[in-house]
Visitor: 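Please find one structure pasted underneath; my questions will follow.
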Amino acid sequence: MDAVLLNGLTLAYIGDAVYEIYIRQYALNLNLTKVNDLHKKAIQYTNASFQAKAIHYLIDNHFLEEDEIKIYKRGRNSHVHTARKNVDLSEYLDATGFEALIGYLYLNDQKNRLEKIIEISIDLD
């Protein structure tokens, strides 16, 4: 499968799942054992506001390659017209772009790059 050919929402769809797994594993590595505590820790990192903050940090600090920025923009510019409650549309679109980037890296087997971007995002907290 050539991830470059996939639309932004499709990349975000898989990126959301991949990012969620990495974040849940991170929460487990913190030795949290209660499911409610695990959930609270995970949503710190998986909400749209945090993901928007992460992608802006990556861009503002020139961490992303040109092709990665294009993938982010493809996800961000997808035809999403409504956001989830408590999140404005701009943040939601940025988060969609972040997830698209994660999905792209995953589908292209760029595990080291994927893990570095997730590590940087976690360190923002």
Visitor: Is there a side-chain contact between Glu99 and Leu11 in this structure, where contact means two heavy atoms from C-beta onward sitting under 4.5 Å apart?
Guide: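 The answer is no, as the side chains (C-beta and beyond) never meet within the 4.5 Å cut-off.
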
Visitor: Linking I/L/V/M/F/W/Y whenever any side-chain heavy atoms sit under 4.5 Å apart, do Leu64 and Ile120 land together?
Guide: yes

Visitor: Does Tyr26, at its OH atom, have more than 12 non-hydrogen atoms belonging to other residues, nucleotides or ligands within less than 6.0 Å?
Guide: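 For Tyr26, atom OH is crowded (more than 12 foreign heavy atoms under 6.0 Å).
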
Visitor: With rounding to the nearest 0.5 angstrom, report the NZ to CG distance, Lys70 to Asn77.
Guide: 13.5 Å

Visitor: Quick check against the 3.5 Å criterion: does Thr10 have a side-chain atom that pairs as donor or acceptor with the backbone of Leu6?
Guide: no

Visitor: Which heavy atom of Gly75 sits nearest a heavy atom of Ala100, and at what distance?
Guide: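 Heavy atoms only, the tightest pair is CA-CB, 3.8 Å.
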
Visitor: Using distance only, find each side-chain donor-acceptor pair of residues 56-63 under 3.5 Å and give its atom names and separation, not counting sequence neighbours.
Guide:
| residue | atom | partner | partner atom | Å |
| --- | --- | --- | --- | --- |
| His56 | NE2 | Asp94 | OD2 | 2.7 |
| Asn61 | ND2 | Tyr57 | O | 2.9 |

Visitor: Rounded to the nearest 0.5 Å, what separates atom CD1 in Ile117 from atom CG in Leu105?
Guide: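 Rounded to the nearest 0.5 Å, the CD1-CG separation comes out at 5.0 Å.
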
Visitor: Quick one: does Asn108's side chain get under 4.5 Å of Leu114's, heavy atoms only?
Guide: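 Heavy-atom side-chain distance check fails, nothing below 4.5 Å.
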
Visitor: Is there side-chain contact between Thr96 and Arg76, with at least one heavy-atom pair below 4.5 Å?
Guide: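 With C-beta onward as the side chain, the pair stays apart.
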
Visitor: From Lys111 NZ over to Ile118 CD1, what is the distance, rounded to the nearest 0.5 angstrom?
Guide: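 These two atoms lie 10.5 Å from each other.
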
Visitor: My understanding is that only residues two or more places apart in sequence, or in another chain, count here; which of them pass ring pair (Phe, Tyr, Trp, His ring centres under 6.0 Å) with Tyr19?
Guide: Phe98

Visitor: Among the clusters formed by ILVMFWY side chains lying less than 4.5 Å apart, do Val35 and Leu28 turn up in the same one?
Guide: no

Visitor: Tyr22 and Glu115: side-chain donor and acceptor closer than 3.5 Å?
Guide: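 Result is yes, a qualifying pair exists.
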
Visitor: Using the rule that two of Ile, Leu, Val, Met, Phe, Trp, Tyr join whenever any of their side-chain heavy atoms come within less than 4.5 Å, decide whether Ile14 and Ile21 are in one cluster.
Guide: no

Visitor: Leu107, Val18: one ILVMFWY side-chain cluster at the under-4.5 Å cut-off?
Guide: yes

Visitor: Kindly indicate whether the side chain of Glu91, heavy atoms from C-beta on, has any atom under 4.5 Å from the side chain of Val87.
Guide: yes

Visitor: I'd like to know if the side chain of Glu68 and the backbone of Glu65 have a donor-acceptor N/O pair within less than 3.5 Å.
Guide: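 Looks like yes, one N/O pair under 3.5 Å.
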
Visitor: Taking all non-hydrogen atoms of both residues into account, name the closest pair between Ala42 and Glu20 and its distance.
Guide: CB-OE2, 4.5 Å

Visitor: Is it the case that atom OH in Tyr106 sees more than 12 heavy atoms from other parts of the structure closer than 6.0 Å?
Guide: no

Visitor: Using modelled atom types only, decide if a donor and an acceptor are shared between the side chain of Asn47 and the backbone of Ser49 within a distance under 3.5 Å.
Guide: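 The answer is yes, because a donor-acceptor pair under 3.5 Å joins these two groups.
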
Visitor: Do the non-hydrogen side-chain atoms of Asp67 and Tyr104 ever get within less than 4.5 Å of each other?
Guide: yes

Visitor: How long is the span from the CG atom in Leu32 to the NZ atom in Lys40, to the nearest 0.5 Å?
Guide: 11.0 Å

Visitor: Measuring from Ile23:CD1 to Ser121:OG, what's the distance to the nearest 0.5 Å?
Guide: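 The CD1 atom of Ile23 sits 5.5 Å away from the OG atom of Ser121.
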
Visitor: Can you tell me if CD on Glu119 sees more than 12 non-hydrogen neighbours from other groups inside 6.0 Å?
Guide: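 Result for CD/Glu119: enclosed.
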
Visitor: Do Leu124 and Tyr72 sit in one hydrophobic cluster, given that two such residues count as connected whenever their side-chain heavy atoms are within less than 4.5 Å of each other, even indirectly?
Guide: yes

Visitor: Would you say CZ of Arg113 has more than 12 non-hydrogen atoms from neighbouring residues, nucleotides or ligands within 6.0 angstrom?
Guide: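 Count over threshold, so yes.
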
Visitor: Please find the pair of heavy atoms, one from Arg74 and one from Asn7, that lie closest to each other, and give the distance.
Guide: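 Residues Arg74 and Asn7, closest heavy atoms: CD-C, 4.1 Å.
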
Visitor: Are the side chain of Asp16 and the backbone N or O of Ala12 linked by a donor-acceptor pair below 3.5 Å?
Guide: no

Visitor: Under the side-chain contact (heavy atoms from CB on, under 4.5 Å) rule, what do Leu38 and Arg24 come out as? Steps first, then yes or no, please.
Guide: CA-CA 7 Å; Leu38 288 164; Arg24 287 181 180 209; over 6 Å; no

